[in-house]
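Computed from heavy atoms alone, side chains included, the values below leave out hydrogens, waters and symmetry copies. The chain is numbered in sequence order, starting from 1. We count ligands from 1, going down the list as the structure has it; atoms in each ligand are counted the same way.
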Amino acid sequence: MPSPWYPSAEVEPVKIVIFGPPGSGKGTYASRLSKRLGIPHISTGDLVREEIRNQTPLGKAIEKYSSSGTLVPDEIITEILKKRLASELLKGFILEGYPRTVGQAMELEKITKVDTVVNLNVPDSVIVDRLSARLQCKTCGTIYNEKTLKPRIPGKCDKCGGELFRRVDDQPEVIRERLKVYREASEPIVNFYWSKNLLKDIRNDDPNVDPERVVDQIMKLI
Ligand SMILES: [Zn+2]
């Protein structure tokens, strides 16, 4: 029997933002949710990698910022997102990795109205545990986990066959620092969406939870 969640012609496009700390699994949930809802998963991380890979003017600008260790300005990321969203506004989307600042949240409002912001709440200990087991594909950026999301062939990406590596910023001390930075930066964004009644909280305390169960929970909220 078809799930009532599958979109039909009469269904309005759903515009969802998935929000949560690094290591909360937002990329994983976003891509599974995308399959269930039949709408695209848009990750600003992926978009940025694509611009760099294609050596576009925006990609080159980003490379310059990252190699000098400075934050990529909001405007550049927003520009890239705008380009991508233009083709998806009628279908709906699941957005991940954006907004990272209230300024970006306001920019997003100018582009389109978001229906729901899913806020993933995961304890730091669970995140440290998960991130230290994380592997990423050098070529396409897909994330794996040695415990919960193993690649079919060890060390190789399921999607593109690329080599998997452990990121330097996935060391426990670095993770704790990143979480501290995230909490400070995210508070105003959480408040922004909360005041607009768009925020839906998901709690996840179990480090070995089946991602599909979390997606079930999210489906009930949207
Ligand atoms: Zn890959």
Less than 6.0 angstrom from the centroid, inside 45 degrees of the normal: does Lys196 satisfy that with respect to the ring of Phe192?
yes
Salt-bridge test for Lys138 and Glu163: reply yes if a basic N is under 4.0 Å from a carboxylate O, no otherwise.
yes
Glu51 side chain to Thr56 backbone, donor-acceptor under 3.5 Å
no
Shortest non-hydrogen contact from Ile39 to Gly92?
CB-O, 3.9 Å
Could you list who else is in Val128's hydrophobic cluster, with ILVMFWY side chains joined at under 4.5 Å, directly or through other members?
Val122, Val126, Ile127, Leu131, Ile175, Leu179
Kindly indicate, with the supporting measurements, whether the criterion side-chain hydrogen bond (donor to acceptor under 3.5 Å, both in side chains) is fulfilled by Thr101 and Asp74.
CA-CA 8 Å; Thr101 62; Asp74 273 8; 2.9 Å; yes
Give me the protein N, O or S atoms that fall under 2.8 Å of the Zn ion (ligand 1), sorted by chain and residue number.
Cys137 SG, Cys140 SG, Cys157 SG, Cys160 SG
